[in-house]
Chemist: 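Handing you this structure, nothing more for now.
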Amino acid sequence: MKAQSRLIRTVIFLGFACILGACASSGSTSVRSRSDILTREEIMTVEVGNLYEAVQRLRPRWLNVRSSGVGASFTTIMVYQDQARLGDLEVLRQIPPQGVEMLRFLDRSTAQMSLPGNWTQGMVGAIVITTRRDS
């Protein structure tokens, strides 16, 4: 009887621990865990001189996207600030990280649907810069 009572208490305790753990983990879901977004908080954790270096350190896969299209002789990722096209990835080398709120990577189809401009065969995605409004 004593062993059975101890087992019941242990099961109840573990059940509460699982419930509390689930509540804590569901509340901590944040933008930081998304691979398509790079937040200001994340950028400020590394010492870099420009946004290219920040992406290179924190989201290197954004820089190495391959084209799935047949016949594409080159691939490039376009950079936008809000809805304005700035250029290709090299433009990130000219932008300091201090005034940036967030970077977001868009695959080709999402970028084509949501951003202006003509998309050629080699354009495989876009990085969209959102600047800080209070800077």
Side-chain angles (χ1 to χ4, degrees):
M1 184 73 172
K2 195 173 190 180
Q4 186 179 9
S5 176
R6 179 181 277 163
L7 178 63
I8 291 171
R9 282 194 306 252
T10 302
V11 169
I12 291 171
F13 174 76
L14 290 174
F16 281 124
C18 288
I19 290 169
L20 291 174
C23 290
S25 67
S26 67
S28 67
T29 302
S30 69
V31 172
R32 291 180 63 133
S33 64
R34 294 182 55 179
S35 63
D36 63 332
I37 291 179
L38 186 53
T39 65
R40 174 178 177 70
E41 291 80 19
E42 288 178 279
I43 293 169
M44 292 301 126
T45 64
V46 293
E47 289 188 38
V48 293
N50 59 57
L51 288 181
Y52 188 94
E53 292 172 0
V55 171
Q56 192 173 38
R57 298 257 320 262
L58 299 167
R59 299 289 190 280
R61 290 182 49 211
W62 291 8
L63 304 175
N64 298 315
V65 176
R66 305 253 187 251
S67 174
S68 60
V70 177
S73 60
F74 70 95
T75 59
T76 189
I77 298 164
M78 300 309 297
V79 176
Y80 283 76
Q81 183 171 333
D82 301 316
Q83 291 288 311
R85 185 186 285 192
L86 302 179
D88 64 9
L89 287 174
E90 288 302 309
V91 86
L92 292 175
R93 295 184 190 275
Q94 302 167 16
I95 303 172
Q98 289 76 19
V100 173
E101 186 64 33
M102 177 177 68
L103 299 177
R104 182 171 187 174
F105 182 83
L106 303 175
D107 61 34
R108 179 185 172 95
S109 61
T110 305
Q112 277 183 297
M113 289 186 302
S114 59
L115 298 170
N118 296 329
W119 285 77
T120 62
Q121 182 76 20
M123 295 178 188
V124 295
I127 295 175
V128 180
I129 302 167
T130 303
T131 55
R132 294 187 63 174
R133 301 292 180 217
D134 60 348
S135 59

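Heavy atoms only: backbone and side chains are in, while hydrogens, waters and symmetry mates are out. Numbers here are sequence positions counted from 1.
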Chemist: Quick one: does Arg93's side chain have a donor or acceptor within less than 3.5 Å of a partner on Asn50's backbone?
Modeler: no
Chemist: Please round to the nearest 0.5 Å and tell me the distance separating atom CG of Asn64 and atom CD of Gln56.
Modeler: 9.0 Å
Chemist: Should we count CG of Asn118 as having more than 12 external heavy atoms under 6.0 Å?
Modeler: no
Chemist: What's the spacing between Leu92 CG and Leu63 CG if we round to 0.5 Å?
Modeler: 8.0 Å
Chemist: List for me each residue that meets side chain to side chain donor-acceptor pair (under 3.5 Å) alongside Thr110, sequence neighbours excluded, and say none if there are none.
Modeler: Asp107
Chemist: Suppose we screen for salt bridge (charged side-chain N to carboxylate O under 4.0 Å, His left out). Which residues come up paired with Arg85, at least two apart in sequence or across chains?
Modeler: none
Chemist: I want to check something: taking the side chain as every heavy atom from C-beta on, are Leu103 and Ile129 in contact at a cut-off of under 4.5 Å?
Modeler: yes
Chemist: Is there a donor-acceptor contact under 3.5 Å from the side chain of Trp62 to the main chain of Ser35?
Modeler: yes
Chemist: Specify the closest pair of heavy atoms between Met78 and Asp88, including all atoms of both residues, with the distance to one decimal.
Modeler: CE-N, 4.2 Å
Chemist: Give me the atom names and distance for the closest heavy-atom approach of Leu58 to Ile43.
Modeler: CD1-CA, 3.9 Å
Chemist: From Glu42 CD over to Arg57 CZ, what is the distance, rounded to the nearest 0.5 angstrom?
Modeler: 13.0 Å
Chemist: Calculate, to the nearest 0.5 Å, the distance between atoms CD and CG belonging to Gln81 and Leu86 respectively.
Modeler: 5.5 Å
Chemist: Between Thr45 and Glu41, which heavy-atom pair has the shortest distance, and what is it?
Modeler: CG2-O, 3.2 Å
Chemist: Is Glu101 salt-bridged to Arg132, going by a charged N under 4.0 Å from an acidic O?
Modeler: yes
Chemist: Does the side chain of Asp36 come within less than 4.5 Å of Arg104's, by heavy atoms?
Modeler: yes
Chemist: If you look at every heavy atom in Tyr80 and Ala126, which pair is closest and at what distance?
Modeler: CD1-CB, 4.1 Å
Chemist: Show, in sequence, the C-alpha distance, side-chain angles and deciding distance for Leu51 and Ile127, and conclude whether the side-chain contact (heavy atoms from CB on, under 4.5 Å) test is met.
Modeler: CA-CA 11 Å; Leu51 288 181; Ile127 295 175; over 6 Å; no
Chemist: Would you say the side chain of Leu89 lies within less than 4.5 Å of the side chain of Val55, judging by non-hydrogen atoms?
Modeler: no
Chemist: Are more than 12 heavy atoms from other residues, nucleotides or ligands located less than 6.0 Å from atom CD of Glu47?
Modeler: no
